[in-house]
Chemist: 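One structure is given below, represented as structure tokens, and several questions about it will come after.
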Amino acid sequence: MPFHGEERIWVGVVVAMAVIFLAALAYAAWVVGLQVPGGDVQLVEPHKALQELKPGVREIAPGRYEVTIVARMWQWFPNNITLVNPVEVKFRLTSLDVIHGFQIVGTNVNVMVFPGYVAEITWRVPQDAKGKYLVVCNEYCGLGHQNMYGVVNIIRS
């Protein structure tokens, strides 16, 4: 079956675009050295996450915190977090059951939380941040999704 003139042009354009995209991908991977992150992903059995990760707040150094949070349909463990004069907060999150979204409203903290994987995000807390910040699940997780919230309370002294 012969191609018409306009069809040949479009087939040529599509093939040229595919070649250009593959060449750009190969250049990024081998010349620039860009790679997909991985290798240091922490895995955890979802049904053992509460025992193995021990959710809670730990002050590593003055102003530096590590907060471990476990999500379960329709709650966070812990759901009330208090930080005194925080500079940097490392959140470690996992889920027991379904995919959740961890977002601190009004900040740039927003991460997807998958069962079996420990997600990590570091928040450099602005110096003027104080008061209560709402934590919500921004990924629909079932009928009680609207009740899945918590609070990060920042105290400055």
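For the single chain, residues carry numbers from 1 onward in sequence order.
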Chemist: With a 4.5 Å cut-off on side-chain heavy-atom distances among I, L, V, M, F, W and Y, is there a chain of contacts connecting V111 to Y133?
Modeler: yes

Chemist: Taking only residues two or more places apart in sequence, or in another chain, which ones meet R92 in a salt bridge (charged side-chain N to carboxylate O under 4.0 Å, His left out)?
Modeler: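 Once residues adjacent in sequence are excluded, the partners of R92 under the salt bridge (charged side-chain N to carboxylate O under 4.0 Å, His left out) criterion are E120.
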
Chemist: For the residue pair G56 and P78, what are the closest heavy atoms and their distance?
Modeler: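 Reported closest heavy-atom pair: N-CD, 3.9 Å.
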
Chemist: Compare all side-chain heavy atoms of V105 with those of V135 and state whether any distance is below 4.5 angstrom.
Modeler: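 No - every pair of side-chain heavy atoms lies 4.5 Å or more apart.
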
Chemist: So which pairs with a foot in residues 49-65 pass side chain to side chain donor-acceptor pair (under 3.5 Å), sequence neighbours left out?
Modeler: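 Listed by first then second residue: R58-E66.
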
Chemist: Taking the six-membered ring for Trp, are W76 and F102 closer than 6.0 Å centroid to centroid?
Modeler: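 Centroid separation for W76 and F102: below 6.0 Å.
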
Chemist: Which is it for V87 and N85 under the side-chain contact (heavy atoms from CB on, under 4.5 Å) test, yes or no, and what are the steps along the way?
Modeler: CA-CA 7 Å; V87 175; N85 297 324; over 6 Å; no

Chemist: If two hydrophobic side chains count as joined below 4.5 Å and joins carry through other members, does V125 share a cluster with L93?
Modeler: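 Same hydrophobic cluster.
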
Chemist: Is there side-chain contact between N108 and N110, with at least one heavy-atom pair below 4.5 Å?
Modeler: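 The answer is no; the side chains never approach within 4.5 Å.
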
Chemist: Any idea which heavy atoms bring T94 and F114 closest together, and the distance?
Modeler: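 Between these two residues, the closest heavy atoms are OG1-O, 3.6 Å.
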
Chemist: I121, I81: one ILVMFWY side-chain cluster at the under-4.5 Å cut-off?
Modeler: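 Cluster IDs for I121 and I81 match.
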
Chemist: Determine the minimum heavy-atom distance between M148 and C141, stating which atoms define it.
Modeler: SD-SG, 3.8 Å

Chemist: Nearest 0.5 Å please: distance from the CZ atom of R124 over to the OG1 atom of T107.
Modeler: 13.5 Å

Chemist: Are L96 and L50 packed together at the side-chain level, in the sense that at least one heavy-atom pair is separated by less than 4.5 angstrom?
Modeler: yes

Chemist: I'd like to know whether CD of E7 has more than 12 heavy-atom contacts from other residues, nucleotides or ligands below 6.0 angstrom.
Modeler: yes

Chemist: For atom CG of L43, decide whether the heavy atoms of other residues, nucleotides or ligands shown that lie under 6.0 angstrom number more than 12.
Modeler: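 Counting other residues, nucleotides and ligands, CG of L43 exceeds 12 neighbours.
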
Chemist: In this structure, would V89 and F77 fall into the same cluster of hydrophobic residues linked by side-chain contacts under 4.5 Å?
Modeler: no

Chemist: Is the shortest heavy-atom distance from the side chain of N153 to the side chain of L83 under 4.5 Å?
Modeler: no

Chemist: Mind checking whether S95 and R72 have side chains closer than 4.5 Å, heavy atoms only?
Modeler: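 Result no, sub-4.5 Å side-chain heavy-atom pair not found.
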
Chemist: Do Q103 and N138 have side-chain atoms, one donor and one acceptor, less than 3.5 Å apart?
Modeler: yes

Chemist: Would you check if the side chain of Y117 reaches a backbone N or O of A119 as a donor-acceptor pair within less than 3.5 Å?
Modeler: no

Chemist: First locate atom CE of M73, then atom NE2 of H100, and finally report the distance between them rounded to the nearest 0.5 Å.
Modeler: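 One gets 6.5 Å once the value is rounded to the nearest 0.5 Å.
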
Chemist: Determine the minimum heavy-atom distance between I155 and P86, stating which atoms define it.
Modeler: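 Closest approach of I155 to P86, heavy atoms only: O-CD, 4.4 Å.
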
Chemist: Could you state whether V152 and V70 fall into the same hydrophobic cluster, counting links through intermediate Ile, Leu, Val, Met, Phe, Trp or Tyr residues with side-chain heavy atoms under 4.5 angstrom apart?
Modeler: no

Chemist: Counting only heavy atoms from other residues, nucleotides and ligands, does the tally under 6.0 Å from OH of Y149 exceed 12?
Modeler: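 No, the 6.0 Å shell around OH holds no more than 12 heavy atoms from other groups.
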
Chemist: How far apart are the closest heavy atoms of M112 and I99, and which atoms are they?
Modeler: CE-CG2, 3.5 Å

